[in-house]
Amino acid sequence: MGGGAAGFFGAIACAEANPRLTVYLIEKTGKLLSKVRISGGGRCNVTHAADTPAQLVAHYPRGAKQLKEPFRQFDAQATIRWFAQRGVALKTEPDGRMFPVTDSSETIAQCLLDAARQAGVRILTQTQPEQIEPLPDGGFRLRLSGAHGADLTVARLLIATGGNPKAEQYEWLRQLGHTIAAPVPSLFTFNVPDSPLRELPGVSVPLARVRVAGEKLEYEGPVLVTHWGVSGPAVLKLSAWGARRLHELSYQSTALINWIPEHTEATLRTWLHEYREQNGRKLVVSNPIFGLPQRLWRTLTEQAGIGPEVRWNELPAKPQNRLIEALLNTALPVRGKTTYKDEFVTCGGVMLGEIDMKTMESRRVSGLHFAGEVLDIDGITGGFNFQAAWTTGYLAGRAMAAAAE
């Protein structure tokens, strides 16, 4: 159940492991692999370059401990080989993200569609189970509605329906006997309607530190100023690690940005003292330091009260103190969140303690398996959510095929 990354990978793994089986893939909409197609701006961030499971699990705010064993069975290197064996080569970007060499998500979607068809997977779109009934002697009866409405009896069932921000969407899983960790959004940008940077959309800094005032939440990485607030990998990853706490705060907080995270106040004061001695005649506003973008630097100096005619050797102590504060702690009043390019990720889902992570089978309902984001697993941006989908889908599919031997 579910025509996304985990559902396809599970169906393919099951059908390839035991060609005698009849494997159905059921998708309630008319669209298959929709998230694969929009991922990475249409390029599809397939996975992340990592040599060991330990390197991989460090990037999962939820599920890290439980994913260690699954990643020993099917890790990023296995994903690379899987696609290579089917004619799709992946490339690694400097930040570790991996994409198809074609830079097109359609390459990945078509590979999965072709692999499913070649393995004999029967794909039913615009079809969904209205009722799932566990049978006394094992297996399930599915009452299907839509384009392929009928009763379908199956030996095993893989749930790969993805995450959902609405708690009521998990009620049918509760009825099957599972506990659900409350779903809340992850991977989102910060809305700052009264941003002191509102005139700077499009300005980016390759390395800044973003933290939430009064919380133990911070992350370093690229930061992008937007029309609505701030985005970029540092903000997105911070939102993932802080998903539950930020939800508790109703997405109302103060974000503090250190534009030069290599410095503390003490080291910055020392650096500025030396810089002023060597560059005293330079105009402050016209000569950005630390490689900061001109537009950002001009805004920070203006907010510090430094006029365009002031030279470094003329800069009074108070404006310099305000500039130091702006460089190390630009305060942004966050008043909400925005989904990142429709690539929403949900923190929450089926509790992992109720799942055998070697087979992805339910400990509550025999023959019921889970994969992908329907589980309480989520990673930061960078290919980690897809890797969790490939791994859990693969293990579930193989286990289902083995059980049918």
Side-chain angles (χ1 to χ4, degrees), residues 1-37 46-47 70 73-75 78-88 106-129 132 135 138-142 144 146-148 150-162 355-362 366-375 386-405:
M1 284 178 56
F8 261 86
F9 226 69
I12 293 165
C14 185
E16 288 183 346
N18 190 339
R20 297 188 305 275
L21 297 176
T22 301
V23 179
Y24 292 91
L25 187 146
I26 302 170
E27 166 57 41
K28 67 178 181 180
T29 72
K31 297 178 181 179
L32 297 169
L33 299 165
S34 56
K35 211 166 184 181
V36 167
R37 289 187 158 98
V46 178
T47 186
Q73 304 302 316
F74 194 92
D75 61 2
T79 298
I80 296 166
R81 290 193 297 271
W82 191 96
F83 281 102
Q85 289 164 1
R86 291 156 181 81
V88 176
E106 284 302 315
T107 301
I108 301 301
Q110 198 57 53
C111 174
L112 293 167
L113 287 165
D114 290 344
R117 290 181 179 124
Q118 288 170 10
V121 176
R122 302 185 185 185
I123 300 174
L124 310 180
T125 58
Q126 295 182 316
T127 303
Q128 65 176 352
I132 300 172
L135 299 175
F140 304 86
R141 180 181 295 115
L142 310 182
L144 304 179
H148 300 275
D151 280 3
L152 181 65
T153 300
V154 297
R156 290 190 167 253
L157 180 61
L158 169 59
I159 306 294
T161 47
I355 305 296
D356 180 342
M357 297 299 289
K358 294 180 180 178
T359 62
M360 308 314 300
E361 184 174 3
S362 166
S366 178
L368 184 66
H369 299 251
F370 293 91
E373 212 183 314
V374 71
L375 294 161
F386 273 138
Q387 184 56 56
W390 311 136
T391 295
T392 55
Y394 181 83
L395 295 183
R398 299 280 292 189
M400 293 166 76
E405 290 285 353

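Worth knowing before you read on, the calculation uses all heavy atoms, side chains too, and leaves out hydrogens, waters and symmetry mates.
- The shortest distance between side-chain heavy atoms of I26 and L142 falls below 4.5 Å.
- For T127 (side chain) and G146 (main-chain N/O), no donor-acceptor pair under 3.5 Å exists by modelled atom type.
- Using a 4.5 Å heavy-atom cutoff, the side chains of I132 and M1 are in contact.
- Taking CG of L158 as the start and CG of L368 as the end, the distance is 8.5 Å to the nearest 0.5 Å.
- From Q128, atom CD reaches atom OG1 of T29 across 10.0 Å, with rounding to the nearest 0.5 Å.
- Put simply, the side chain of R37 does not reach to within 4.5 Å of the side chain of K31, judged on heavy atoms.
- Looking at heavy atoms from C-beta onward, L135 lies in side-chain contact with R141 at the 4.5 angstrom threshold.
- The two residues A5 and A389 come nearest to each other via the heavy atoms CB-CB, 4.0 Å.
- For the pair E361 (side chain) and G367 (backbone), a donor-acceptor distance under 3.5 Å is present.
- Closest non-hydrogen pair, C14 versus V23, comes out as SG-CG2, 3.9 Å.
- Rounded to the nearest 0.5 angstrom, L112 CG and L32 CG are separated by 10.5 Å.
- Between W390 and the options F8, F74, W82, F83, a ring pair (Phe, Tyr, Trp, His ring centres under 6.0 Å) holds for only F83.
- Contacts classified as side chain to side chain donor-acceptor pair (under 3.5 Å) and involving residues 109-121 (residues at least two apart or in different chains) are given here: Q110-D114.
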* To do: Please test F370 against T392 for side chain to side chain contact (heavy atoms under 4.5 Å, CB included), starting from the C-alpha separation and ending with a verdict.
  => CA-CA 8 Å; F370 293 91; T392 55; over 6 Å; no
* Can you check side chain to side chain contact (heavy atoms under 4.5 Å, CB included) on I159 and L157, steps first, answer last? -> CA-CA 6 Å; I159 306 294; L157 180 61; 3.9 Å; yes
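- Heavy-atom neighbours of R86 CZ from other residues, nucleotides or ligands within 6.0 Å: above the threshold of 12.
- Looking at heavy atoms from C-beta onward, V154 lies in side-chain contact with F140 at the 4.5 angstrom threshold.
- The shortest heavy-atom contact between A401 and A17 is CB-CB, 3.6 Å.
- I123 and A116 get closest at one heavy-atom pair: CD1-CB, 4.4 Å.
- Rounding to the nearest 0.5 Å places CG of L124 at 15.5 Å from NZ of K28.
- H369 contributes no side-chain N or O that, together with a main-chain N or O of G397, makes up a donor-acceptor pair within less than 3.5 Å.
- Using a 4.5 Å heavy-atom threshold, the side chains of M360 and L375 count as touching.
- Between the SG atom in C111 and the CD1 atom in I12 there is a gap of 7.5 Å [rounded to 0.5 Å].
- For Q387, the side-chain hydrogen bond (donor to acceptor under 3.5 Å, both in side chains) partners at least two apart in sequence or on another chain are T47, T79, T391.
- Of the inter-residue distances, the one linking T359 atom OG1 with Q73 atom CD reads 11.0 Å to the nearest 0.5 angstrom.
- Summarising the geometry of L25 relative to G3, their closest heavy-atom pair is CD2-CA, 3.7 Å, with the distance given to 0.1 Å.
- Every residue was checked against the salt bridge (charged side-chain N to carboxylate O under 4.0 Å, His left out) condition with R398, not counting sequence neighbours, and none meets it.
- Considering every non-hydrogen atom in both M357 and P70, the closest pair reads O-CG, 3.4 Å.
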